[in-house]
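In listed order, ligands and their atoms are each counted from 1.
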Amino acid sequence: MTFEEMKTLLLDQISQQQLVAATISQPRMKSNEIKRIKLKPIMLKEAYHIQIEYQYERILKHENVLLADFPPKLDLFFTDFRQAHIDFKEEKVHVQLSKKNKVLWKSDKAATPKQVNLSHNRKKNYLLDESTPYPFLIRLGVQSEEGKVKKQKYDKFKQINRFIEFIDDALAYLPKNRQVRILDFGSGKSYLTFALYHYLKIEKGLDIRVTGLDLKKEVIEECSRIAQDLGYEQLEFLVGDINDYNDESNVDMVVTLHACDVATDMALSRAVKWGASVILSVPCCQHELNRQLDTPALDVMLQHGLVRERFAALATDSIRAEILSLVGYEAQLLEFIDMENTPKNILIRAYYTGKKPTAQQRAKYDAFVTLLNAKPFLANELTAYL
Ligand SMILES: C[S@@+](CC[C@H](N)C(=O)[O-])C[C@H]1O[C@@H](n2cnc3c(N)ncnc32)[C@H](O)[C@@H]1O
């Protein structure tokens with residue numbers, strides 16, 4: 001088989017929409033910036049496209065091309081690469097090219113025919129693919145160098161994916177015509193901060209600037225090093241206390257993950273004052289309301305320390321969501337991750353809509369805080385907005 005015949009055979013199958021997935025590898029030159037290319041079909045605006053994923057040393061870039069525009073791409077791929085593994089619906093093909101383009105073609109027609117998932121909305125699967133090596137996940141030790149999720153890091157991988165689903169849902173609320181400013185309060189080891197950056201900047205191509213803030217100097221220094229190694233230029237890490245951080249004026253998205261006690265409320269209040277369009281917050285321990293609770297009618301519950309603690313945490317999150325709706329957000333309490341992963345699994349999601357609260361809504365909130373004798377830190381911080 002000649003080089004040209006090989007390309008014609010492949011293009012025939014691709015044009016008949018037989019492609020399931022392909023990996024093109026072995027760059028002819030070591031200096032080639034693109035190390036590997038992956039292909040898969042997707043439907044976009046009801047048109048069949050091939051999604052091309054270019055894997056660089058540290059980043060991934062994506063391009064979606066219509067079938068009609070694909071042949072010249074394949075020509076270019078084989079100018080730069082010497083190997084391809086291609087899964088068609090009813091055949092697996094392995095192509096190896098010599099330096100002078102002598103073709104070694106292996107085909108396995110007995111391989112099980114595959115189903116193709118053309119949906120661009122991969123909600124039911126993970127948004128980060130389990131078998132793709134992601135430089136940030138490798139660097140954070142979640143994946144091996146080959147891109148395999150490490151067994152002991154599987155929960156983390158699930159959590160990262162779940163978080164990215166929330167980020168994906170929030171895309172519609174982020175500005176498109178300018179740089180998007182994002183703050184992550186209490187970023188800690190910053191798995192989610194890196195994930196957020198990867199998803200919005202590298203996969204979605206958004207112009208973003210992200211800051212992760214945490215009290216721990218060593219952790220922040222390590223995160224800064226990783227960001228630098230990965231070439232994440234618009235991601236910075238700062239040492240500081242959420243309670244003292246007030247250096248911004250316009251912030252589009254505020255994220256907090258397990259920031260302790262009222263540090264979460266401080267972050268929420270800052271987000272409201274900065275006019276953030278998106279808030280994603282998974283609270284942590286909760287002590288404030290636990291101390292204030294004084295409701296004899298609930299003593300059957302509250303006399304038990306464990307129940308009192310959980311009740312205080314649930315009531316606090318409900319109060320937080322209610323305050324956010326009173327100041328113009330559409331706020332929901334959602335399950336962040338399965339209970340078996342972490343009991344701290346409520347995510348407060350709030351999108352700014354500017355909707356004014358009704359008198360009834362206000363009265364409902366007042367009655368609840370009065371019943372519990374609650375004097376919420378967040379309400380106090382946002383007095384001027386309520
Ligand atoms: C449980 S860790 C979570 C880290 C990270 N968000 C994650 O999910 O992997 C909580 C982090 O919040 C930080 N933190 C708690 N209170 C803070 C505050 N007031 N200001 C800044 N960081 C805070 C802690 O130092 C810790 O690193």
Side-chain angles (χ1 to χ4, degrees), residues 128 134 136-137 139-143 149-150 152-167 170 182-200 210-227 230 232 235-248 251 253-271 273-274 276 278-288 313 316-317 320 334-349 376-378 380-381:
L128 292 181
Y134 295 99
F136 81 100
L137 287 181
R139 186 67 173 78
L140 294 172
V142 176
Q143 285 183 323
V149 177
K150 294 182 186 169
Q152 69 277 26
K153 293 286 182 184
Y154 203 78
D155 282 351
K156 201 65 180 174
F157 180 73
K158 265 171 77 176
Q159 196 185 64
I160 289 170
N161 261 296
R162 178 79 176 128
F163 181 68
I164 289 183
E165 278 183 20
F166 285 111
I167 298 288
I182 302 172
L183 284 181
D184 183 351
F185 281 134
S187 51
K189 287 189 180 161
S190 302
Y191 290 94
L192 302 183
T193 331
F194 283 106
L196 176 155
Y197 189 89
H198 166 84
Y199 191 68
L200 290 179
V210 183
T211 300
L213 183 87
D214 203 285
L215 293 167
K216 297 176 191 152
K217 186 165 172 282
E218 295 77 35
V219 177
I220 286 294
E221 281 170 358
E222 173 63 6
C223 291
S224 302
R225 255 193 306 275
I226 297 175
L230 291 167
Y232 288 2
L235 173 60
E236 63 167 1
F237 291 95
L238 302 176
V239 182
D241 189 323
I242 300 170
N243 296 295
D244 303 329
Y245 188 86
N246 204 8
D247 306 347
E248 307 280 333
V251 176
M253 174 150 92
V254 171
V255 174
T256 79
L257 220 111
H258 299 153
C260 307
D261 200 15
V262 292
T264 292
D265 298 288
M266 187 53 100
L268 296 179
S269 103
R270 295 259 195 271
K273 289 177 187 171
W274 289 327
V278 177
I279 302 172
L280 297 177
S281 174
V282 182
C284 185
C285 47
Q286 208 295 314
H287 306 299
E288 188 197 29
T316 300
D317 288 339
R320 285 168 172 153
L334 302 163
E335 187 169 69
F336 175 51
I337 197 85
D338 317 339
M339 268 299 206
E340 73 223 38
N341 266 299
T342 165
K344 297 170 192 169
N345 74 337
I346 286 189
L347 175 116
I348 304 169
R349 179 173 75 184
F377 182 94
L378 183 58
N380 198 32
E381 281 292 312

For this session: Give the numbers and elements of all ligand 1 atoms closer than 4.0 Å to a heavy atom of N243.
Result: 19 (N)
Seminar exercise, completed: So the atoms of ligand 1 within less than 4.0 Å of a heavy atom of G188 turn out to be 4 (C), 27 (O)
Exercise. Do S281 and V255 touch side chain to side chain, with heavy atoms closer than 4.5 Å?
Worked result: no
For this session: Could you list which atoms of ligand 1 come closer than 4.0 Å to a heavy atom of G240?
Result: 20 (N), 21 (C)
Problem set entry | N or O contact, D241 vs ligand 1, cut-off under 3.5 Å | yes
Exercise. Taking N or O atoms only and a 3.5 Å limit, does L213 qualify as a polar contact for ligand 1?
Worked result: no
Exercise. Based purely on interatomic distance, does I242 place a nitrogen or oxygen under 3.5 Å from a nitrogen or oxygen of ligand 1?
Worked result: yes
Exercise. Is any side-chain N of the basic residue among K217 and E221 closer than 4.0 Å to the acidic one's carboxylate O?
Worked result: yes
Problem set entry | ring-ring contact (aromatic ring centres under 6.0 Å, His included) against F157, all qualifying residues, sequence neighbours excluded | Y126, Y154
Problem set entry | Considering all heavy atoms, the nearest A170-V278 contact | CB-CG1, 3.8 Å
Problem set entry | Approximate separation, where rounding is to 0.5 Å, of T316 OG1 and D265 CG | 7.5 Å
Problem set entry | Polar contact flag for L257 and ligand 1 (N/O pairs, less than 3.5 Å) | yes
Exercise. Short list, please: which atoms of ligand 1 are under 4.0 Å from a heavy atom of A263?
Worked result: 19 (N)
For this session: Check each heavy atom of V282 against ligand 1 and say whether those closer than 4.0 Å belong to the side chain, the backbone, both or neither.
Result: neither
Exercise. Taking the six-membered ring for Trp, are F163 and F336 parallel (under 30°), tilted (30 to 60°) or perpendicular (over 60°)?
Worked result: perpendicular
For this session: Going by heavy-atom distance to atom 27 (O) of ligand 1, choose the closest among D184, D214, D244, V255.
Result: D214
Problem set entry | All side-chain contact (heavy atoms from CB on, under 4.5 Å) counterparts of S224, not counting sequence neighbours | I220, F237
Problem set entry | ligand 1 atoms in contact with S187 (distance to a heavy atom under 4.0 Å) | 4 (C), 5 (C), 6 (N)
Exercise. Is any side-chain heavy atom of Y245 closer than 4.5 Å to a side-chain heavy atom of F185?
Worked result: yes
Exercise. Considering only heavy atoms of K216, which atoms of ligand 1 have at least one such atom less than 4.0 Å away?
Worked result: 25 (O), 26 (C), 27 (O)
